[in-house]
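Naming convention: chains lettered A, B, ... in sequence-line order (proteins, then strands); numbering from 1 in each chain.
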There are 2 protein chains.
Amino acid sequence: MASHGARGRSGGRPTLEEVAARAGVGRGTVSRVINGSPRVSEATRAAVEAAVAELGYVPNTAARALAANRTDAIALVVPEPETRFFAEPYFSDMLKGVGAQISETEMQLLLIFAGSDRERQRLAQYLAAHRVDGVLLVSVHADDPLPDLLTQLEIPAVISGPRSAAETLTSVDSDNYGGARQAVEHLLSRGRRRIAHITGRMDVYGARRRADGYREALADAGLPVDGTMMEPGDFTEEGGRRAMAALLERHPDLDAVFAGSDVMAAGARQVLRETGRRIPDDVALVGYDDSAIARHMDPPLTSVRQPIEEMGRRMIDLLLEEIADRRPAVSRGLERRQVVLATKLSERESS
Amino acid sequence: MASHGARGRSGGRPTLEEVAARAGVGRGTVSRVINGSPRVSEATRAAVEAAVAELGYVPNTAARALAANRTDAIALVVPEPETRFFAEPYFSDMLKGVGAQISETEMQLLLIFAGSDRERQRLAQYLAAHRVDGVLLVSVHADDPLPDLLTQLEIPAVISGPRSAAETLTSVDSDNYGGARQAVEHLLSRGRRRIAHITGRMDVYGARRRADGYREALADAGLPVDGTMMEPGDFTEEGGRRAMAALLERHPDLDAVFAGSDVMAAGARQVLRETGRRIPDDVALVGYDDSAIARHMDPPLTSVRQPIEEMGRRMIDLLLEEIADRRPAVSRGLERRQVVLATKLSERESS
DNA sequence: ATCACTTGTGGGAGCGCTCCCACGGTACCT
DNA sequence: AGGTACCGTGGGAGCGCTCCCACAAGTGAT
């Protein structure tokens with residue numbers, strides 16, 4: 001209410017002590033009220049809350065951080081240049097989920113880009129100074145030293161897209177294996193039998209899992225698994241084009257293509273068109289990511305959708321758990337936590 | 001070098017005191033070295049720096065913030081939902097400039113979205129807690145209470161795009177007036193004489209300045225300034241379409257259009273095409289922003305480019321100055337600081 | 001009535017820094 | 001020789017909080 005007298009008194013912002021004096025209680029009691037401790041009587045709590053409102057008291061974060069050895073902040077580290085970050089809907093969807101979930105808490109989110117060496121240098125300093133309670137890592141390459149640095153500094157961290165099946169950090173991922181199966185089974189159900197796969201870079205765990213899903217879906221359907229029906233792209237449009245051309249050379253009679261990403265599917269589509277093949281009449285095409293590209297392609301592309309926003313939300317949940325677990329210093333929860341979320345096929349005209 | 005024994009000693013991170021002991025000096029001296037004070041002898045400085053390196057000392061930011069009453073962090077506040085932020089190249093270009101400039105300093109950048117009411121609530125708390133030393137404000141509407149809140153809290157702030165000619169905050173802007181003149185003068189030099197203008201929302205200062213530039217460029221060329229040759233759009237494609245239709249109704253013989261934004265130009269282009277007019281043969285078209293739209297339009301759109309990255313850089317410079325100025329509590333520098341940067345015309349086939 | 005708990009509360013200690021005052025030393029004046 | 005100036009340095013005080021121990025008052029078992 002009368003949040004105006006706030007900056008009178010000593011000229012600056014009111015302190016815990018001033019609130020305590022005003023409410024006629026001790027410093028400790030005010031601290032308990034502020035932090036929601038249950039060990040405070042109803043009457044006292046009300047008195048303190050009134051004093052807080054009257055003085056317009058806002059806790060001093062620096063003091064709290066110093067005394068309690070925590071920062072109430074977590075960092076979202078993007079190991080990519082800003083430009084890529086903005087170009088890809090993956091990041092903005094994830095940020096949306098992260099932002100939504102964190103706004104339910106008192107935590108503060110920091111966005112840190114670590115694309116250049118200089119930025120990485122600063123980040124290392126930043127982490128060494130323990131300026132955040134935890135870290136969210138998105139899109140980390142297999143050989144990135146960052147995860148190990150975090151482990152060494154004992155900073156809680158959650159990674160999106162584990163680096164391998166043996167990922168040591170807590171991770172959130174979509175079901176790449178299952179997603180790929182969905183795509184292939186969909187093509188099978190449409191009567192396709194000569195299904196090729198353009199894979200992503202095979203040093204990316206998710207891409208390997210998708211290839212696994214492709215293979216096993218075929219095997220389970222009693223179809224032969226032919227290595228020459230697979231060709232690596234590198235997640236780019238040009239890579240998709242090259243891979244498609246290579247596949248057509250080996251198998252001019254293929255009747256379906258499952259591409260490991262929408263961007264590669266776009267490249268593949270061009271080559272299919274150029275060689276006079278109609279989509280989906282001659283060759284059915286399925287992508288992965290269900291991005292804007294998929295919706296705007298001609299014809300619209302059937303694609304596997306990952307629940308990216310949901311992944312962002314789960315990452316926050318897991319990270320907060322890790323942070324809470326670590327507080328009592330027990331370092332329990334030694335079990336690795338790996339969350340895998342289901343994908344969903346968005347069926348469109350390309351298949 | 002031997003940055004390994006770092007976390008031995010007391011189990012945690014080394015403190016100033018430990019560094020002092022190791023270097024055989026006092027706490028104050030170490031502090032001076034860390035903060036680059038000139039009042040330290042060369043020999044002592046070297047000894048301290050060696051100790052810092054050996055122990056892997058990193059200052060505790062919370063303690064520093066508490067003792068010095070500063071945070072070494074500034075916030076970039078985006079009063080828009082995340083989605084718009086990512087959609088517009090304006091923001092990412094600005095972020096690039098801001099990020100580049102701030103990485104030259106020890107300051108930390110926080111990205112804060114304040115699109116929803118809830119987010120605004122949190123932001124107000126955040127600012128009240130003085131968790132940042134300064135604020136960068138981008139794309140603020142005329143009636144936004146944020147600038148006044150910042151003034152009231154005495155938090156240094158720099159705004160991109162002043163709200164009016166009487167903007168009280170330090171501001172950085174591109175030369176909207178000059179940019180509009182460039183556009184119109186370009187059309188005049190191409191022999192166009194019946195030039196219409198689709199304005200932006202007239203409650204946006206920049207849009208008014210562009211209209212001023214349009215008018216005065218015509219007047220200076222000795223041409224009549226006709227109010228019916230101007231029509232407000234609202235910065236949307238649909239608005240551009242409507243405005244174009246209205247202008248053609250009144251002046252079917254116009255030979256050029258200067259649109260207040262590329263997006264509106266895209267709308268105008270559609271109407272021009274639909275009414276059988278060729279660009280640039282029958283009607284020349286010029287936009288504003290020089291965005292991706294301009295480059296990809298058919299025909300490519302001549303457009304006024306704003307130095308957005310440079311604006312971001314200047315904003316940081318100005319903000320750091322403000323913060324530094326305020327430190328000695330003198331609150332000098334009462335002169336309003338308004339920086340205006342020049343625009344440049346990107347000439348393409350539409351004119 | 002005594003003892004053992006529990007509940008609510010007050011306040012000391014201390015987190016790791018910066019700020020600033022005081023002090024010894026050297027250099028230069030009178 | 002004494003005085004004045006400054007430079008480089010050490011360390012006390014204090015920033016505003018949390019943590020935790022101590023303690024008063026209440027509760028119920030013995």
Glu321(A): partners by side chain to side chain donor-acceptor pair (under 3.5 Å), with sequence neighbours left out: Arg337(A)
Contacts of Arg314(A) that satisfy salt bridge (charged side-chain N to carboxylate O under 4.0 Å, His left out) - sequence neighbours left out: none
Sugar-phosphate, base or nothing in reach of Arg27(A), heavy atoms under 4.0 Å: base
Results of side chain to side chain donor-acceptor pair (under 3.5 Å) for Thr44(B) - residues two or more places apart only: Ser41(B)
Position toward the 5' end of DNA chain D (nearest nucleotide), Ala68(B) or Gly28(B): Gly28(B)
Pairs flagged by ring pair (Phe, Tyr, Trp, His ring centres under 6.0 Å) wherever residues 29-51 of chain A is involved - sequence neighbours left out: none
Residues which pass salt bridge (charged side-chain N to carboxylate O under 4.0 Å, His left out) with Asp144(B), listed by chain and number, not counting sequence neighbours: Arg120(B)
Among Leu76(B), Val78(B), Leu123(B), the one residue meeting side chain to side chain contact (heavy atoms under 4.5 Å, CB included) with Phe113(B): Val78(B)
Side-chain donor-acceptor pairs of residues 31-39 of chain B under 3.5 Å, sequence neighbours excluded:
unit_1: Ser31(B); atom_1: OG; unit_2: Asn35(B); atom_2: ND2; d: 3.4
unit_1: Asn35(B); atom_1: ND2; unit_2: Ser31(B); atom_2: O; d: 2.8
unit_1: Ser37(B); atom_1: OG; unit_2: Arg39(B); atom_2: N; d: 3.1

Start and end of chain A contact along DNA chain D [non-hydrogen atoms, under 4.0 Å]: dG16(D) to dC20(D)
Pairing residues for Ser139(B) by the side chain to side chain donor-acceptor pair (under 3.5 Å) criterion, not counting sequence neighbours: Glu80(B)
Which residues share a side chain to side chain donor-acceptor pair (under 3.5 Å) with Arg45(B), sequence neighbours left out: none
Contact list for DNA chain D against residues 36-48 of chain A - heavy-atom distance below 4.0 Å: none
Five-pair end axes of the helix from dA1(C)-dT30(D) to dT30(C)-dA1(D) and the angle they enclose, rounded to 10°: 50°
Any residue meeting ring pair (Phe, Tyr, Trp, His ring centres under 6.0 Å) with Tyr126(A), in chain and number order, not counting sequence neighbours: none
